[in-house]
Amino acid sequence: MIKLYNTLTRKKQEFSPVKDGWVSMYSCGPTVYNYAHIGNLRTYIFMDLIRRALKSEGYKLKGVLNITDVGHLMADSDDGEDKMLKASREQQKTPWQIANHYSNVFFEDIKKLNISKPEIIAKATDHIPEMIEYVVELVEKGYAYETSDGIYFDISKFPGYGSLSGASIEDNIAGARVEVNSEKRNPADFALWKKAEPLHIMQWDSPWGKGYPGWHIECSAMSRKYLGKVFDIHSGGVDHIPIHHENEIAQNEALTGKRTVNYWLHGEFMLVDGGKMSKSLGNTYTIKDLEERGYSPLDFRFFCLNTHYRKKLNFTFTALDSAKVSRERLMQQLASHKASTQKTSPEILDGLRSSFVAAIQDDLNVPLALGILFTAIKESKSQDIYTLALEFDKILGLSLTSDTSAITESFVLPAQVEILVAERTTAKKNRDFALADSLREEIARLGYAVADTKDGTRVTPLQK
RNA sequence: GGCACCAUAGCCAAGCGGUAAGGCAGAGGUCUGCAAAACCUCUAUUCUCCGGUUCAAAUCCGGAUGGUGCCUCCA
């Protein structure tokens, strides 16, 4: 039985699905107007861990991940420009081209990170009719009203507003520094549908003329379509708690009159050098950035796994280096376990296995689980340990089966360096170590390191 | 100003009332012409501080200090 921390109740709860043996799960996905940065990616690794853990508990999954390619209001609250449109204007491409490009890169990124793709990928622009239908229902039930620029949700009609974040409407208003839209009945009312200006590129016909959907309605409409009125899990980043998820709850429950999501799971933020990471501060990194600096995407995954998902994770390159080394040694050790013909006693194996499972079942305590893996590989070499590690890897997703040699990137050795290496080998054979050492220095000056191993001389590019 | 969360070795980090997991770095060793890599061993009487509860506290309570996030789009 797995326990998960539910933001709604603020405690760990035993997970029990609506439908026996099945888990219905909705995860807030990317807005595809830019590359995903490592902070975004941490949240998807978190989503992936939930999925893997539930799978290992024997559940079948029906997961939905949305791709927001429209309707994401930006800056200055509801008066802002759509992010897709902004990117589109800046990059001189159609919004559809932008969305396509960035979602392709997104899927490449998550693949590199061993993030399993949810069963259903839902693009917002493919679900405009469902969203319109949803808004129509809200208007009919009296939860929404029309203004000159759109349809708004009337928060005063939904007394339960704020249950997720624990903030009252008053708190939100008191702290709000937003311009008050005079036509809105309550400053916290949010847009369900926006009426488009004539030149707006992305617009659809609706009962209120041409326009485009608000962001929050997207998730409500699509989750209802694929998962029904009541489903098990909704995941996302902590930043979504106060506004986005609160709004989703308001929309959902206004229509159904009951709780629609049983478990709200939120992943904490990533910091960079101790502070906030954001596109506006320019301290975001992408997977490509990390790869260019010589890290494997899985080094980053390992780095994320080393901290619990509900704790802030401070990203530094020192920490990433540590993750890289740990992971490489782990792989090396496993390779020698694999090569062994020895056995490990079933008692030891069972002990390790049950501690690992217990760690995962306790609200995905992956850092503890990783520790157990490291404890396991310290056992005397045996193929059983290797097999056990592969079992663990179904949850960790670190590709522990991969050949260690795959870690070392291939590179082309300049002919000049190749000659020097050969000369050094000869010098060594003649026991002229002074010459050999000076040749090593020369090779180093050209940017390469030589190392003598049992299998001969290995040449690698020098770091940095 | 309001609301949260966090504080464990040089760094990262688990621990959730019973006497400090694990990783990186560091030290010593094996190996090596020397290095590097790899492997083995060691490395917090103590958990920001001050009170309190308890037979027992890193763990619970109160207070102080420090840090971070949110309150505006954001994973």
Side-chain angles (χ1 to χ4, degrees), chain A residues 10 12 27-31 33-34 36-47 72-83 86 162 165-168 170-179 188 215 235-244 266-271 274-280 284 302-303 305-308 310-316 318-330 332-333 335-336 355 359 362 365-378 381 427-428 431-434 436-437 440 449-454 458 460:
Chain A
R10 309 211 164 211
K12 289 183 197 172
S27 306
C28 280
T31 302
Y33 66 102
N34 207 335
H37 63 241
I38 54 177
N40 298 319
L41 264 5
R42 182 191 186 194
T43 302
Y44 301 113
I45 290 174
F46 161 54
M47 168 194 84
H72 211 156
L73 303 171
M74 69 171 300
D76 302 319
S77 187
D78 294 329
D79 302 321
E81 183 178 10
D82 189 287
K83 280 182 178 174
K86 183 170 184 249
S165 60
S168 65
E170 291 72 29
D171 289 340
N172 277 334
I173 297 164
R177 279 175 264 165
V178 294
E179 288 284 314
W215 176 37
S235 75
V238 285
D239 56 310
H240 283 156
I241 297 171
I243 303 286
H244 181 50
H266 292 98
E268 249 299 350
F269 257 38
M270 174 172 274
L271 308 175
K276 183 183 163 137
M277 162 196 296
S278 76
K279 280 162 190 165
S280 53
T284 59
F302 186 98
F303 168 73
L305 261 40
N306 197 230
T307 299
H308 188 89
R310 280 194 287 117
K311 280 188 84 172
K312 290 182 185 71
L313 210 202
N314 185 23
F315 178 87
T316 59
T318 315
L320 188 60
D321 282 336
S322 160
K324 181 183 164 76
V325 174
S326 302
R327 188 179 144 262
E328 285 170 0
R329 285 192 191 152
L330 182 61
Q332 246 142 3
Q333 297 241 23
S336 56
S355 331
D362 183 18
N365 194 338
V366 181
L368 215 209
L370 262 187
I372 294 159
L373 211 207
F374 276 98
T375 306
I377 62 169
K378 274 197 212 153
K381 298 285 177 277
K428 275 187 62 182
R431 306 194 66 79
D432 184 352
F433 300 119
D437 287 348
R440 175 156 58 196
V450 248
D452 303 314
T453 69
K454 279 177 206 151
R458 203 184 65 213
T460 48

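Convention: sequence-line order gives letters A, B, ...; per-chain numbering from 1.
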A:Glu328 CD to B:C39 P: how many Å, rounded?
12 Å
Heavy atoms only: give me the nearest A:Gly236-A:Phe46 pair and the separation to one decimal.
O-CE2, 4.1 Å
Look at the side chain of A:Asn314 and the backbone N and O of A:Gly274, then say whether any donor-acceptor pair between them is shorter than 3.5 Å.
yes
Between P of B:A4 and CD of A:Glu268, the distance in whole Å
15 Å
Separation of the C1' atoms in B:A75 and B:C70, to the nearest angstrom:
14 Å
When you measure only distances, ignoring hydrogens and angles, does the side chain of A:Arg440 come within 3.5 Å of the base of B:C34 through a donor and an acceptor?
yes
Spacing of A:Ile241 atom CD1 relative to B:C70 atom P, expressed in whole Å:
12 Å
According to the Watson-Crick and G-U wobble definitions, with both distances under 3.5 Å, which nucleotide is paired to B:U59?
none
With P as the reference atom in both, quote the distance from B:U48 to B:A14 in angstrom, rounded to an integer.
14 Å
So what does A:Lys311 touch, heavy atoms closer than 4.0 Å: a base, only the sugar-phosphate, or nothing?
sugar-phosphate
B:U8 - base-pair partner by Watson-Crick or wobble geometry, distances under 3.5 Å:
B:G15
Taking the P atom in each of B:A57 and B:G18, what is the distance between them to the nearest angstrom?
11 Å
So, for A:Ala359 and A:Leu368, which heavy atoms are closest and what is the spacing to 0.1 Å?
CB-CD1, 3.8 Å
note: A:Met270, atom CE; B:C12, atom C1'; distance rounded to Å ~ 13 Å
Side chain of A:Pro242 only, please: which of B:C70, B:A75, B:G33 is the nearest?
B:C70
It should be established whether A:Gln332 places a side-chain nitrogen or oxygen under 4.0 Å from OP1 or OP2 of nucleotide B:A37.
no
Position toward the 5' end of RNA chain B (nearest nucleotide), A:Gly267 or A:Lys312:
A:Lys312
Please report, rounded to the nearest Å, how far the P atom of B:A7 is from the CG atom of A:Asn314.
14 Å
Does B:A27 have a Watson-Crick or wobble mate here (both distances under 3.5 Å), and if so which one?
B:U41
Check the distance between B:A75's C1' and A:Phe269's CZ and give it to me in whole angstrom.
5 Å
Between B:A21 and B:C16, how many Å separate the two P atoms, rounded to a whole number?
12 Å
Test item: A:Asp362 side-chain N/O and A:Asn365 main-chain N/O as donor-acceptor pair under 3.5 Å
no
For the side chain of A:Asp437, counting heavy atoms from C-beta on, which of B:G69, B:C70, B:G33 is nearest?
B:G33
B:A75 P sits how many Å from A:Phe315 CZ, rounded?
18 Å
For the residue pair A:Phe433 and A:Lys428, what are the closest heavy atoms and their distance?
CE2-O, 4.1 Å
List the steps and the verdict of salt bridge (Lys or Arg N to Asp or Glu O under 4.0 Å) for A:Lys311 and A:Glu268.
CA-CA 6 Å; A:Lys311 280 188 84 172; A:Glu268 249 299 350; over 6 Å; no
Going by purine N1 to pyrimidine N3 plus the second Watson-Crick contact, or the G-U wobble pair, all under 3.5 Å, which nucleotide sits opposite B:C73?
none
For B:C34, the Watson-Crick or wobble counterpart (both distances under 3.5 Å):
none
Partner nucleotide of B:A20 by Watson-Crick or wobble geometry (both distances under 3.5 Å)
none
Which whole number of Å gives the distance between the P atom of B:C42 and that of B:C49?
28 Å
Restricting to non-hydrogen atoms, name the atom on A:Phe269 and the atom on A:Arg42 that form the minimum distance, rounded to 0.1 Å.
O-NH1, 3.0 Å
Checking contacts here: which listed nucleotide (B:A75, B:C70, B:A4) is nearest the side-chain heavy atoms of A:Arg10?
B:A4
For atom P, what is the distance between B:A44 and B:A9, given to the nearest Å?
12 Å
B/S/- along nucleotides 15-28 of chain B (protein heavy atoms under 4.0 Å) is S-----BBBSS---
Any base atoms under 4.0 Å from A:Gly39, or only sugar-phosphate, or nothing? Heavy atoms, all strands.
base
Distance in angstrom units between A:Leu330 CG and B:C39 P, rounded
11 Å
Carboxylate-amine/guanidinium proximity below 4.0 Å for A:Asp437 and A:Arg440
yes
For residues A:Tyr44 and A:Cys28, report the shortest heavy-atom separation together with the two atoms involved.
CE2-O, 3.4 Å
